[in-house]
Amino acid sequence: QVQLVESGGGLVQAGGSLRLSCAVSGRTFSNFAMGWFRQAPGEERVFVAAISRSGGNTAYSDSVKGRFTIARDDAKNTMYLQMNSLKPEDTAVYYCAADYLPYSSSGYYLKRDENYDYWGQGTQVTVSS
């Protein structure tokens with residue numbers, strides 16, 4: 001049984017930083033492409049960032065590019081999202097997602113939530129102005 005557990009969310013002032021973690025268990029972590037999505041109140045879930053199995057390909061939404069960095073540590077079965085220069089509009093529940101043996105490593109593929117097989121429970125990020 002695959003489990004994804006997010007941590008690291010919280011309340012931070014605008015301009016601050018947070019690092020989210022997503023620990024994966026149940027299957028070989030290196031076989032997963034990984035992604036972060038977020039959902040603000042009253043809005044649909046949207047793509048934030050993704051990383052391929054090898055870590056060689058990453059993709060970001062335009063709204064976070066240059067501020068957020070996605071990374072993975074296969075030795076720890078964990079993915080990270082370093083979030084800097086946070087803005088109030090980054091406030092949302094952040095979900096990690098895992099795509100087992102993905103069909104592609106392209107950014108176009110990794111941005112689509114329907115390609116992901118497993119999801120975490122989400123972690124709240126609140127950025128105050």
Could you give the distance from CZ (Arg19) to OG1 (Thr69), rounded to the nearest 0.5 Å?
11.5 Å
Which pair of heavy atoms, one from Ala49 and one from Tyr60, lies closest together, and at what distance?
CB-CD2, 3.7 Å
What distance separates Phe68 CZ from Thr58 OG1, expressed to the nearest 0.5 Å?
14.5 Å
Side-chain heavy atoms of Arg27 within contact of Asp117, under 4.5 Å:
no
Would Ile70 end up clustered with Val24 when hydrophobic side chains under 4.5 Å apart are linked, directly or stepwise?
yes
Which heavy atom of Ala33 sits nearest to which heavy atom of Arg72, and what is that distance?
CA-NH1, 4.2 Å
List the atom pairs, with distances to 0.1 Å, where a side-chain N or O of residues 119-127 and a protein N or O form a donor-acceptor pair under 3.5 Å, not counting sequence neighbours.
{"unit_1": "Gln121", "atom_1": "NE2", "unit_2": "Glu6", "atom_2": "OE1", "d": "3.3"}
{"unit_1": "Thr123", "atom_1": "OG1", "unit_2": "Gly9", "atom_2": "N", "d": "3.3"}
{"unit_1": "Gln124", "atom_1": "NE2", "unit_2": "Ala92", "atom_2": "O", "d": "3.4"}
{"unit_1": "Gln124", "atom_1": "NE2", "unit_2": "Thr126", "atom_2": "OG1", "d": "3.3"}

Tell me whether Met34 is reachable from Val64 by hopping between hydrophobic residues (I, L, V, M, F, W, Y) whose side-chain heavy atoms are closer than 4.5 Å.
yes
Could you tell me which non-hydrogen atom of Asn31 sits nearest to which non-hydrogen atom of Pro102, and how far apart they are?
O-CD, 3.7 Å
Could you measure the distance from the OH atom of Tyr118 to the CD atom of Gln3? Nearest 0.5 Å is fine.
11.5 Å
Is any side-chain heavy atom of Lys76 closer than 4.5 Å to a side-chain heavy atom of Ser21?
no
Within the structure provided, determine whether Val12 and Met83 are in side-chain contact (heavy-atom separation under 4.5 Å).
no
Do other residues, nucleotides or ligands put more than 12 heavy atoms under 6.0 Å from Gln1 CD?
no
Give me the atom names and distance for the closest heavy-atom approach of Asn77 to Asp74.
OD1-O, 3.2 Å
Would you mind reporting whether Gln82 and Ser17 have side-chain heavy atoms less than 4.5 Å apart?
yes
Please report the closest heavy-atom contact between Gly8 and Leu18, naming both atoms and the distance.
O-CD2, 3.8 Å
Ser30 versus Thr28, side-chain donor and acceptor atoms under 3.5 Å:
no
Looking only at heavy atoms, what is the nearest atom pair of Ala59 and Lys111, with distance?
CB-CE, 4.0 Å
Between Leu81 and Phe29, is there shared hydrophobic-cluster membership here, with clusters defined by ILVMFWY side-chain heavy atoms closer than 4.5 Å?
yes
Report yes if the side chains of Phe37 and Val93 come closer than 4.5 Å at any heavy-atom pair, otherwise no.
no
May I have all residue pairs that pass ring pair (Phe, Tyr, Trp, His ring centres under 6.0 Å) and include part of residues 81-106, sequence neighbours excluded?
Phe32-Tyr100
Quick check: do Cys22 and Trp36 have side-chain heavy atoms less than 4.5 Å from each other?
yes
Between OG of Ser52 and CG of Asp99, what distance do you get to the nearest 0.5 Å?
11.5 Å
CZ-CD1 distance between Arg53 and Ile51, expressed to the nearest 0.5 angstrom:
13.0 Å
Would you call Lys87-Asp90 a salt bridge at under 4.0 Å N-O?
no
CZ (Arg38) and OG (Ser61) are apart, to the nearest 0.5 Å, by 6.0 Å
Would a single hydrophobic cluster contain both Leu101 and Leu110, if residues Ile, Leu, Val, Met, Phe, Trp and Tyr are joined by side-chain heavy-atom contacts under 4.5 Å?
no
Within one Ile-Leu-Val-Met-Phe-Trp-Tyr cluster: Val46 and Met79, side-chain cutoff 4.5 Å
no
